[in-house]
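Single-structure report; data block below.
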Amino acid sequence: MNRAKIIATGYYLPSRILTNEDLEKIVDTTDEWITTRTGIKERHIAENDESSSDMGIKAGSMALEKAGLEPEDIDAVICATITPDHFFPSTACLIQKGLNLKNSFAFDVSAACSGFIYALHIAEAILLQDRVKTVLVIAAEKMSSITDWKDRATCVLFGDGAGAAILQKKKGDRGILSSFLGSDGNFGDLLIVPAGGSRTPVTEEIVRGGQHFLHMKGNEVFKVAVQKMVNSALNSLGRAGLEAKDVKLLIPHQANLRIIKAVAKRLKLRDEQVFINVDKVGNMSAATIALGLAEAEEKKIIKSGDIVNLVSFGAGFTWAGMVLRW
Ligand code: ACO
């Protein structure tokens, strides 16, 4: 049987680190509040002139090198991002240019924190149904560019970075086993960048009111996040004929340590079955799970044959689960 298999991963984190102590000097907050409410201690922040495509290019370059592939081997580039360099051209096209991927088509996917799993799902469909042999999936986010640095309720949560995965069609039982994707636009207003698009173009007044920044009703998002992530894990596992006990590693979206713990508890997972790096990087939206997978591989937490369950939740609302045999 043919499966879409991840043959290499990559990642990039900006060198600048913003700690909770640094944030105490910017807004009325404390390390204690941020740590107990979110589990976050520090996050990486891109330079002013460093964009999502710049970070995506670095993550993609690492994955290409690890795969031992040349740029012309890539047939398609899919970039998951909610912080594109521009409305258009797509960030995927900018990454294509940066990596000199002459033979590929390229497009973006917008599904917020679920973007990486959505993009993997699309990559699988392209690989299994088309003549495409190799797909580069990138998730790159400069969350700091849509953060209101005067809003303590949101500015402590997010970080910047990128992750990448290269997929090819392979015979055998390793690769993507199942996916479960969902969304509900009725919750759109709870997590939104209200202005800057065609609904409300940017004006001086809009900028003065901070409507071009991310706005979130955190506690309302929290309740749905836990329920949908558990549901996505169970449904994706069910579609693969597996149960939570079969999972070597759950890589959940890293929005908040309390959400991760609640999801793990409901799935009855042991600590060592759950990947956590939210303390070091915060919430990097789509890039979160891409980085988690690359880190888990690099640190040899996952090995050939292991069952890996990716689970996400984000703006839209969107949610997704995916099961891989590594
Ligand atoms: N420092 C100190 N106090 C703060 C801070 C801060 N940084 N931020 C908020 N507070 C205060 C609030 O003003 C409030 O004070 P009040 O009671 O006097 O009004 C109090 O702390 C409690 O605020 P809540 O928002 O109710 O705090 P909560 O416990 O819900 O934690 C958080 C907030 C961390 C945002 C949490 O709700 C959360 O993680 N939500 C889910 C986020 C998520 O999953 N997002 C989805 C993915 S993101 C994406 O798709 C882009």
Side-chain angles (χ1 to χ4, degrees), residues 18-43 52 80-84 109-119 139-161 181-185 187-194 196 213-232 251-264 276 278-279 281-292 310-320:
L18 186 71
T19 64
N20 291 351
E21 288 72 22
D22 296 330
L23 280 163
E24 286 176 357
K25 295 174 198 137
I26 301 173
V27 285
D28 179 16
T29 191
T30 59
D31 170 49
E32 201 265 332
W33 191 96
I34 303 170
T35 306
T36 50
R37 297 288 179 127
T38 73
I40 302 167
K41 298 298 277 184
E42 56 190 42
R43 67 290 286 147
S52 292
T81 186
I82 50 165
T83 50
V109 167
S110 172
C113 305
S114 303
F116 182 62
I117 302 180
Y118 271 52
E141 301 282 20
K142 185 174 179 179
M143 296 304 287
S144 61
S145 68
I146 54 167
T147 296
D148 182 351
W149 292 100
K150 293 193 182 95
D151 176 16
R152 67 176 183 172
T154 54
C155 77
V156 302
L157 303 173
F158 298 97
D160 301 334
L181 273 56
S183 60
D184 188 345
F187 292 100
D189 288 346
L190 295 183
L191 182 44
I192 188 169
V193 176
F213 290 130
L214 177 151
H215 292 247
M216 177 165 72
K217 297 206 171 71
N219 42 15
E220 290 175 55
V221 177
F222 193 111
K223 287 175 218 151
V224 192
V226 175
Q227 179 207 335
K228 291 297 182 191
M229 285 172 75
V230 170
N231 193 259
S232 299
I251 305 183
H253 178 55
Q254 311 276 316
N256 183 317
L257 187 59
R258 289 187 293 147
I259 294 178
I260 298 170
K261 296 270 185 202
V263 170
I276 294 171
V278 69
D279 52 325
V281 293
N283 180 351
M284 293 161 52
S285 187
T288 294
I289 293 179
L291 171 71
L310 313 178
V311 179
S312 69
F313 179 82
F317 288 156
T318 59
W319 54 87

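Positions are given from 1, in the same order as the sequence printed here. Both backbone and side-chain heavy atoms feed into the values below; hydrogens, waters and symmetry mates do not. First listed ligand is number 1; within each ligand, the first listed atom is number 1.
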* Where ligand 1 meets Thr38 - atom numbers and elements under 4.0 angstrom, heavy-atom basis -> 34 (C)

* **Thr19/Lys41 under side-chain hydrogen bond (donor to acceptor under 3.5 Å, both in side chains): CA gap, chis, key distance, verdict** => CA-CA 6 Å; Thr19 64; Lys41 298 298 277 184; over 6 Å; no

* Answer yes or no: is there a side-chain heavy-atom contact under 4.5 Å between Val221 and Phe313? => yes

* Quick one: are Val311 and Ile251 in side-chain contact, heavy atoms under 4.5 Å? -> no

* **Atoms of ligand 1, numbered as shown, that sit under 4.0 Å from any heavy atom of Phe222** => 36 (C), 38 (C), 39 (O), 40 (N), 41 (C)

* Under 4.0 Å, heavy atoms only, figure out whether ligand 1 is touched by the backbone of Thr154, its side chain, both or neither. => neither

* Structure fact -> of all protein heavy atoms, closest to atom 10 (N) of ligand 1 is Trp33 CZ2, 3.4 Å

* Asked: Is any N or O atom of Ala315, backbone or side chain, closer than 3.5 Å to an N or O atom of ligand 1?
  -> yes

* Report the nearest protein non-hydrogen atom to atom 40 (N) of ligand 1: residue, atom name, distance rounded to 0.1 Å. => Gly218 O, 3.0 Å

* Asked: Is atom 8 (N) of ligand 1 close to the protein, meaning a heavy atom under 4.0 Å from it?
  -> yes

* N/O to N/O below 3.5 Å, does that happen between Arg152 and ligand 1? -> yes

* Asked: Hey, which atoms in ligand 1 end up nearer than 4.0 Å to a heavy atom of Phe313?
  -> 47 (C)

* Structure fact -> Within the 4.0 Å heavy-atom cut-off, what Asn219 brings close to ligand 1 is both

* Structure fact -> Closest non-hydrogen atoms of Ile82 and Glu141, given as atom of the first, atom of the second and distance, are N-OE1, 3.0 Å

* Is there a donor-acceptor pair closer than 3.5 Å between any side-chain N or O of Thr81 and the backbone N or O of Ala140? -> yes

* Asked: Are Ile40 and Val156 close enough that some pair of their side-chain heavy atoms sits under 4.5 Å apart?
  -> no

* Give me the one residue out of Ser52, Ser145, Ser285 that meets side chain to side chain donor-acceptor pair (under 3.5 Å) with Thr83. => Ser52

* To do: Output the list of atoms in ligand 1 that are nearer than 4.0 Å to some heavy atom of Leu191, sorted by atom number.
  => 46 (C), 48 (S), 49 (C), 50 (O)

* Asked: Given the protein's heavy atoms, is any one of them under 4.0 Å from atom 19 (O) of ligand 1?
  -> no

* Structure fact -> Note: ligand 1 atoms sitting under 4.0 Å from heavy atoms of Ile259 are 41 (C), 44 (O)

* To do: Test Asn283 against Thr288 for side chain to side chain contact (heavy atoms under 4.5 Å, CB included), laying out the working first.
  => CA-CA 7 Å; Asn283 180 351; Thr288 294; 3.9 Å; yes

* Asked: Below 4.0 Å from any atom of ligand 1, is there a heavy atom belonging to Lys217?
  -> no

* **atom 14 (C) of ligand 1 protein-contacted, heavy-atom criterion under 4.0 angstrom** => no

* Structure fact -> Within 4.0 Å of some non-hydrogen atom of Asn283, the atoms of ligand 1 are 47 (C), 48 (S)

* Asked: Could an N or O of ligand 1 be found under 3.5 Å from any N or O of Val221, whether backbone or side chain?
  -> no

* Mind checking whether Arg258 has an N or O less than 3.5 Å away from an N or O of ligand 1? -> yes

* Asked: Do any nitrogen or oxygen atoms of Arg37 come within less than 3.5 Å of a nitrogen or oxygen of ligand 1?
  -> yes

* Only one of Thr30, Asp31, Thr38 passes side chain to side chain donor-acceptor pair (under 3.5 Å) with Asn20; say which it is. => Asp31

* Side-chain heavy-atom pair Met229, Ser312 within 4.5 angstrom cut-off -> no

* Asked: Is any NZ, NE, NH1 or NH2 atom of the basic residue among Arg43 and Asp160 found under 4.0 Å from an Asp or Glu carboxylate oxygen of the other?
  -> no

* Asked: Could an N or O of ligand 1 be found under 3.5 Å from any N or O of Thr29, whether backbone or side chain?
  -> yes

* Are any of the protein's heavy atoms under 4.0 angstrom from atom 44 (O) of ligand 1, yes or no? -> yes

* Heavy-atom nearest neighbour of atom 49 (C) of ligand 1 within options Gly115, Cys113, Gly314 -> Cys113

* Structure fact -> So the atoms of ligand 1 within less than 4.0 Å of a heavy atom of Asn256 turn out to be 34 (C), 36 (C), 38 (C), 39 (O)

* Asked: Could Arg152 and Asp28 be called an ion pair, given the rule that one side-chain N must be under 4.0 Å from one carboxylate O?
  -> yes

* To do: Check whether any side-chain heavy atom of Tyr118 lies under 4.5 Å from a side-chain heavy atom of Thr318, and answer yes or no.
  => yes

